[in-house]
Amino acid sequence: MARILITSAIPYINGIKHLGNLVGSQLPADLYARYMRLQGNEVMFICATDEHGTPAELAAMNAGIPVAEYCAEMHQVQKRLGEGFRLSFDHFGRSSSGRNHQLTQHFAGRLADNGLIREVAEKQVYSKEDGRFLPDRYIEGTCPACGYERARGDQCENCTKQLDPTDLIDARSAVSGSADLELRATKHLYLKQSAFRERLEDWIETKFDWPVLTTSIAKKWLRDGDGLQDRGITRDLEWGIPVKKGVEDWPGMEGKVFYVWFDAPIEYIAATAEWADANGMPDSEWHRWWRTDLGADDVRYVQFMGKDNVPFHTLSFPTTILGSGEPWKLVDYIKSFNFLNYDGGQFSTSGQRGVFMDQALEILPPDYWRWWLLSHAPENSDSEFTWENFSDCVNKELADVLGNFVNRVVKFGMSKFGATVPGGGEWQEAEQFCAQTISQLVGAYSAHLDNIEIRKAARTLRAIWSTGNEYLQAAAPWSAIKTDPERAETIISFSLNLINLYGRISSPFIPDASAAILASMRSPSRAWPASAAEEMKALEPGHAYDPPDVLFRKISKEEVSIWKNEFAGGSKPDPD
RNA sequence: GGGCCUGUAGCUCAAUGGUUAGAGCAGAGCGCUCAUAACGCUUUGGUUGGGGGUUCGAGUCCCUCCGGGCCUACCA
């Protein structure tokens, strides 16, 4: 038994996430957590909401409520949606928690003590009407290169030219539209990532088994131009973690908060502490996951995230961890994902284009989405959601291959032998062959899951389901029952055990259907099968079961056409 | 501009430099009748984006061109 620490990139508090966000971190992390638990490992699966930063403040302002209140509400919404998708977090924390305040300030203090923080005086755009400093992309104006009138302060979307906010003609606040802007002096703390360039590079170089996506992004940042740059870790905002050196004030930094990307990864640790607090446990319980001097030396730590988060997890956060000089657990494996597109374009939050987590659950149960999203996880390149592909996969793979197999076996068994597993005789060639095939496939499935090769695992699981139909067709109990009832008993007994096995191994992908199968089979165990062949005899003759309802309904062509239209969204471009 | 990823059957995707490039879906044919008209078997379908090169051998490595995507450090 191993100990596995799993974190999913923490979703930003600003609004409900779309299916692309879901499949980029939380869902695959859940798949892995569920599998590792089934294997009998001790798992700590952590996620949280990422609550700080300018967009949160603006969203609260638009909603007309205080930002703390806004975040508390949205946290509850995201938590409920996570539960709706059966994300099995051990704790779903908040980056605004007291624990994270404490830890973030602690890390900053340690980094300062170790000479890894420097102060930088700079000038930034301040909007008098908004009463706030504006990040570059929140300043709009006319592009000096192409004349596009809605260019942003960091880049012109029209001609892709990199810009500085001062380059813009007729610059104005993207928040209020006010042109009353000025360059105002301010001071910020920078994390000296550059001091860790070599050490990080040596570390990344040893990770030959990480996805190319992860290492290539990290190397690009390490080697591009003058190499890894120092990064500002404070902001002039109201909402956030006040800048402190441990528990001490930080002279000159009054009124400032830490940058969201400094405190967000620390929340992985803080959320584990929140978990201990919520369960009335002492600190030693979360220390044993995070402190290698306090029991975490045998922990394997795996992170899941979209590609946009890779630099922070391969460079900034490791600098924070290593720079602290304390024995915190460093990540062992980073699984990163490309993006999911929607029907020929991008998902768009502002344009409401695509399917969002709340909408998805309103129209279909979570297993349907989990199955499609995971079996199409954008592991090697961006992938694309289309309603046709989605409904084809659900109808064929879930309803026909798996659902119908369960249904045909149970209906036949019920009508001939009642709601108990029949006896029958010895296995014949068909059973031997099927058991052997299943055994091989389960081995391959397990190996894919160990390696976090999600699409391959899904494909293999599908083959395992399909093997049941092949077996049943060859064994043909509906013929045997007429001449050799005992033979029919053997076949149904074997098939019911196959169903039971499916319930056991499918749960990482489709937890609800798996639970329904296991409940109806009154399955004696939920653990991962030690031997697939032995497993085929787990339900003994005379074992009673309850016929399950139809596991998956089909999606009609009419629904596809309705939904396709409903979720097409407007034409508004997405600033995200 | 720079970097990385990507382009394989109508669609979604596989193929440590090594037989004749494979699966699933869709299409076609046959079979079966237990089942959500479900299942099984067989089968059609390819100049691996174009061109050049290295090699005994290239989907795979190199160069170049074309298309798609992401990142490019003050969104997160």
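Naming: A, B, ... by sequence-line order, numbering from 1 per chain.
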query = Considering all heavy atoms of both residues, which atom of A/I204 and which atom of A/K219 are nearest to each other, and what is their separation?
reply =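 Result for this residue pair: CG2-CE, 4.0 Å.
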
Shortest non-hydrogen separation from A/A513 to A/D367 and the atoms involved =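 Minimum heavy-atom contact is N-OD2, 2.6 Å.
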
Please report, rounded to the nearest Å, how far the [atom2] atom of [N] is from the [atom1] atom of [X].
X      : N     : atom1 : atom2 : answer
A/D382 : B/G69 : CG    : P     : 9 Å
A/K220 : B/A73 : NZ    : C1'   : 10 Å
A/E388 : B/G10 : CD    : P     : 18 Å
A/R152 : B/U72 : CZ    : P     : 11 Å
A/N407 : B/C34 : CG    : P     : 14 Å
A/D50  : B/C75 : CG    : P     : 14 Å
A/L472 : B/C32 : CG    : P     : 16 Å
A/F433 : B/G40 : CZ    : P     : 14 Å

Compare the minimum distances between each of [options] and the side chain of [X], then state the nucleotide with the smallest one.
X      : options             : value
A/K307 : B/A76, B/A73, B/G69 : B/G69
A/K456 : B/A15, B/C75, B/U36 : B/A15
A/F339 : B/A73, B/C71, B/C39 : B/C71
A/R408 : B/G69, B/A76, B/C34 : B/C34
A/E470 : B/A76, B/G40, B/G3  : B/G40
A/L551 : B/U36, B/C4, B/G40  : B/U36
A/W478 : B/C34, B/A76, B/C74 : B/C34
A/W221 : B/U36, B/C74, B/U72 : B/U72
A/S381 : B/G3, B/U6, B/G40   : B/U6

message = Quick check: A/H313 with A/W261 (ring centres under 6.0 Å apart)?
response =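 Ring-ring flag for A/W261/A/H313: true, centres closer than 6.0 Å.
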
query = So, for A/F312 and A/F317, is the gap between ring centers shorter than 6.0 Å?
reply =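 Not close enough - the centres of the two rings lie 6.0 Å or further apart.
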
task = Return the orientation label for the A/F385 and A/Y342 ring planes: parallel under 30°, perpendicular over 60°, tilted otherwise.
result =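 Rings of A/F385 and A/Y342: parallel, under 30°.
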
message = With side-chain hydrogen bond (donor to acceptor under 3.5 Å, both in side chains) as the rule and sequence neighbours excluded, what pairs involving residues 456-472 of chain A come up?
response =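 Matches after skipping sequence neighbours: A/R408-A/N469, A/E431-A/Y471, A/W465-A/S506.
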
ask   = Would a 4.5 Å heavy-atom cut-off, applied to side chains only, mark A/E267 and A/D50 as touching?
value =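 No, their side chains stay 4.5 Å or more apart.
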
message = Counting C-beta onward and ignoring hydrogens, is there a side-chain heavy-atom pair between A/L496 and A/M521 closer than 4.5 Å?
response =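 Heavy-atom side-chain distance check passes, below 4.5 Å.
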
inquiry  = I'd like to know if A/Q124 reaches the base of B/C74 with its side chain such that a donor and an acceptor end up less than 3.5 angstrom apart.
reply    =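 For A/Q124, whose side chain was compared with the base of B/C74, there is a donor-acceptor pair (under 3.5 Å).
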
Donor-acceptor pair (no angle test) under 3.5 Å: A/N404 side chain, B/A35 base =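 For A/N404, whose side chain was compared with the base of B/A35, there is a donor-acceptor pair (under 3.5 Å).
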
query = Between A/I233, A/D263, A/V243, A/V257, which is the residue that forms a side-chain contact (heavy atoms from CB on, under 4.5 Å) with A/T104?
reply =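 Checked A/I233, A/D263, A/V243, A/V257 against A/T104; only one passes side-chain contact (heavy atoms from CB on, under 4.5 Å): A/D263.
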
task = Flag this pair as yes if the NZ/CZ of A/K335 is under 6.0 angstrom from the six-membered ring centre of A/F337 and inside a 45 degree cone about the axis; otherwise no.
result =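 Verdict for A/F337: a cation-pi partner in A/K335.
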
request  = May I ask you to say whether A/E201 pairs ionically with A/R223, meaning some side-chain N is under 4.0 Å from a carboxylate O?
outcome  =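 Counted as a salt bridge, because a side-chain N and a carboxylate O are separated by less than 4.0 Å.
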
What is the nucleic acid contact for [X], judged by heavy atoms within less than 4.0 Å: base, sugar-phosphate only, or nothing?
X      : answer
A/R223 : nothing
A/K554 : base
A/P477 : nothing
A/F405 : nothing
A/V550 : base
A/G53  : sugar-phosphate
A/G306 : nothing
A/S479 : nothing
A/N341 : nothing
A/T54  : sugar-phosphate
A/E122 : base

request  = Would you kindly compare A/P311 and A/Y259 by the position of their nearest RNA chain B nucleotide and give the one closer to the 5′ end?
outcome  =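 Nearest nucleotide further toward 5': that of A/P311.
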
message = Taking the nucleotide of RNA chain B with the nearest heavy atom to each, does A/D136 or A/S375 sit closer to the 5' end?
response =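 Between the two, 5'-proximity favours A/S375.
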
Rounded to whole angstrom, note down the [atom1] distance from [N] over to [M].
N     : M     : atom1 : answer
B/G10 : B/G45 : C1'   : 9 Å
B/U36 : B/A23 : P     : 31 Å
B/G49 : B/G69 : C1'   : 16 Å
B/G17 : B/C13 : P     : 22 Å
B/U48 : B/U8  : P     : 12 Å

Donor-acceptor contacts under 3.5 Å from residues 395-402 of chain A side chains, at least two apart:
from   : atom 1 : to     : atom 2 : distance (Å)
A/N395 : OD1    : A/I555 : N      : 2.7
A/N395 : ND2    : A/S391 : O      : 3.3
A/N395 : ND2    : A/I555 : O      : 2.9
A/E397 : OE1    : A/W371 : NE1    : 2.7
A/D400 : OD1    : A/K554 : NZ     : 2.6
A/D400 : OD2    : A/K554 : NZ     : 3.2

I'd like a list of close polar pairs between nucleotides 29-31 of chain B and the protein, N/O only, cut-off under 3.5 Å.
from  : atom 1 : to     : atom 2 : distance (Å)
B/G31 : N2     : A/Q473 : NE2    : 3.1

ask   = Dot-bracket, RNA chain B: Watson-Crick or G-U, under 3.5 angstrom, [ ] crossing, | other strand?
value = (((((((..((((....[...)))).(((((.......))))).....(((((..]....))))))))))))....

key: With sequence neighbours excluded, residues passing side chain to side chain contact (heavy atoms under 4.5 Å, CB included) with A/D382   =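 With sequence neighbours excluded, A/D382 shows a side chain to side chain contact (heavy atoms under 4.5 Å, CB included) to A/K307, A/N338, A/F339, A/N341, given in chain and number order.
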
Side-chain donor/acceptor of A/E489 to backbone N/O of A/G424, under 3.5 Å =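 Flag set: sc A/E489 to bb A/G424 pair under 3.5 Å.
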
message = Keeping A/Q229 on the side-chain end and A/G227 on the backbone end, is there a donor-acceptor pair under 3.5 Å?
response =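 A pair under 3.5 Å: yes.
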
Under 3.5 Å between N/O atoms: give me all the protein pairs with nucleotides 23-27 of chain B, atom names plus distance.
from  : atom 1 : to     : atom 2 : distance (Å)
B/G24 : O3'    : A/R462 : NH2    : 3.2

message = Is there aromatic stacking of A/F412 on B/C34 here, judged by a ring-centre distance under 5.5 Å and a plane angle under 30°?
response =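 Base of B/C34: not stacked against A/F412.
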
